[in-house]
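See structure below.
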There are 2 protein chains.
Amino acid sequence: MQSFDHSLPMRLYRALNAVMPRFRALFTAHGLTEPQWRVLRVLWEREEVPFRELAALTLLPAPSLVGVVDRLQNAGLVARRRPPSDRRQALVRATPRGRALEEDVMPAVERIYVELRESLDADTYAGLVAGLDALAANATAPRTSRHAPRATARRAATTNTAGE
Amino acid sequence: MQSFDHSLPMRLYRALNAVMPRFRALFTAHGLTEPQWRVLRVLWEREEVPFRELAALTLLPAPSLVGVVDRLQNAGLVARRRPPSDRRQALVRATPRGRALEEDVMPAVERIYVELRESLDADTYAGLVAGLDALAANATAPRTSRHAPRATARRAATTNTAGE
DNA sequence: ACCGTTTCATTCATATGTTAATGAAATTCC
DNA sequence: GGAATTTCATTAACATATGAATGAAACGGT
């Protein structure tokens, strides 16, 4: 029915592929990766953020975020803190050097935002945003079934040996 | 100006995050990863595909695709071939076992496509698709500047040492 | 035929994604 | 108040992303 090319996931991926390289070039020029950028972006807006929330806001999976924050911390751009109230938690904040990056990068980023928006009709752009938000809102909650069927896995293509 | 949450990239990522888990659950149940799935999906439609084209169609970077094909090949789902005409090239095709997977998985996938489309108004969905395609089409070509400015990199957050 | 250039898949090094498991610290319940 | 449970960050193991580099093979021009 739906050819692969026209499937919604592929359309989403193509859109991202078309948009992100411009941003990444910028990040790279400042020694940052995209995930690292996302973390900073949040910390510029929020002073101090619980690890967990940081993962949610950046859309980075917690296990990845650990390494991302490690590297940012090592670079002196962010800092971790363990609140005595709950010693499990980790609060993350940007250091002065981390904050300084904001004015360095944000102007160029804002410019890209504008270029992007202007590259489409206002209507098209509005429809795009509406659709994206609808998707995100909609598909977040629809877990109706109590316990997932847990289909039997077949272990088809795992462990790599072909390259030997 | 644009808050991080409302930026186009984040909206795109959120939409994907909302949509993909359903598919991935399916792939996992059949022992496949998403990239592996994408390769098979293309090979089901195209018999034999040049490596290069496969990368373009699946949106997988060539270096990644090497490993993906390795593992699929090792699992007996695809096969490589070196045409004598041009011994640099690599042609990839699905094996019978690889082809057999199609009828196993596609029905459920089609069902998800339908659910997704029906979870939005027809108008919203149409607007979404139009916007995505416009973005992809637009941002593919607009390299107007002859040679990119090549901004001076600063090496901020590289090599990990924080976790020691 | 020969050299420089281009094409193409692949390798390398590093960073991240994914899923399951771990361990320490809160919280609940009896 | 202490055992069982839950929460939270982290680690582990594997697969993929990213950007640069490599090496073999085709190609262009001379």
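The figures here come from the full heavy-atom set of this structure, side chains too, leaving out hydrogens, waters and symmetry mates. Since this is a predicted model, take the numbers as computed values, not measurements. Residue numbers start from 1 in every chain, and the chains themselves are labelled A, B, ... in the order their sequence lines are given, proteins ahead of strands.
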Check salt bridge (charged side-chain N to carboxylate O under 4.0 Å, His left out) between [X] and all other residues, then give those that pass, not counting sequence neighbours.
X: A:R82; value: none
X: B:D86; value: B:R88
X: A:R81; value: A:E48

Can you tell me how far [atom2] of [N] sits from [atom1] of [X], to the nearest Å?
X: B:N17; N: C:dT16; atom1: CG; atom2: C1'; answer: 14 Å
X: A:Q36; N: D:dG19; atom1: CD; atom2: P; answer: 13 Å
X: B:N74; N: D:dA15; atom1: CG; atom2: C1'; answer: 14 Å
X: B:F27; N: D:dT16; atom1: CZ; atom2: C1'; answer: 15 Å
X: B:R71; N: D:dA17; atom1: CZ; atom2: P; answer: 10 Å
X: B:Y13; N: C:dT16; atom1: OH; atom2: P; answer: 13 Å
X: B:L32; N: C:dG17; atom1: CG; atom2: P; answer: 22 Å
X: A:Q89; N: C:dG23; atom1: CD; atom2: P; answer: 22 Å

Worksheet item: Can you find a heavy atom in the side chain of A:L26 that is under 4.5 Å from one in the side chain of A:L32?
Response: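 Side-chain contact under 4.5 Å: no.
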
Worksheet item: Is any side-chain heavy atom of A:P83 closer than 4.5 Å to a side-chain heavy atom of A:L91?
Response: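 Yes, their side chains come closer than 4.5 Å.
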
Distance-only check: which donor-acceptor pairs under 3.5 Å involve side-chain atoms of residues 117-124 of chain A, not counting sequence neighbours?
| from | atom 1 | to | atom 2 | distance (Å) |
| --- | --- | --- | --- | --- |
| A:S119 | OG | A:L116 | O | 2.6 |
| A:D121 | OD2 | A:T124 | OG1 | 3.4 |

Practice prompt. Could you tell me which residues satisfy ring pair (Phe, Tyr, Trp, His ring centres under 6.0 Å) with B:F27, sequence neighbours excluded, listed by chain and number?
Written response: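 Partners of B:F27 by the ring pair (Phe, Tyr, Trp, His ring centres under 6.0 Å) criterion, ordered by chain and then number, come out as B:W37.
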
Worksheet item: Does any residue of residues 50-64 of chain A have a heavy atom under 4.0 Å from DNA chain C, and if so, which ones, in number order?
Response: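 The stretch gives A:L60, A:P61, A:P63, A:S64 as the residues lying under 4.0 Å from the strand, ordered by number.
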
Which atoms of nucleotides 26-28 of chain D (N or O only) lie under 3.5 Å from a protein N or O atom, and what are those distances?
| from | atom 1 | to | atom 2 | distance (Å) |
| --- | --- | --- | --- | --- |
| D:dA26 | OP1 | B:R87 | N | 3.0 |

Discussion item. Taking the nucleotide of DNA chain D with the nearest heavy atom to each, does A:R82 or A:E34 sit closer to the 5' end?
Written reply: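 Mapping each residue to its closest nucleotide by heavy atoms, the 5'-most match is A:R82.
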
Worksheet item: Considering residues at least two apart in sequence or located in another chain, which fulfil the side chain to side chain donor-acceptor pair (under 3.5 Å) criterion with A:R93?
Response: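 So A:R93 forms a side chain to side chain donor-acceptor pair (under 3.5 Å) with A:E47.
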
Item to complete: Answer yes or no: does a side-chain N or O of A:T33 lie under 4.0 Å from OP1 or OP2 of D:dT18?
Response: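 A:T33 to D:dT18 OP1/OP2: no side-chain N or O under 4.0 Å.
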
Worksheet item: If you look only at pairs with a residue in residues 7-17 of chain A, which of them pass as a side chain to side chain donor-acceptor pair (under 3.5 Å), with sequence neighbours excluded?
Response: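 Found A:R11-B:D133, A:Y13-B:E34.
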
Item to complete: Indicate, with a heavy-atom threshold strictly under 4.0 Å, whether A:R38 touches base, sugar-phosphate, or nothing.
Response: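 If one applies the 4.0 Å heavy-atom cut-off, A:R38 turns out to touch nothing in the nucleic acid.
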
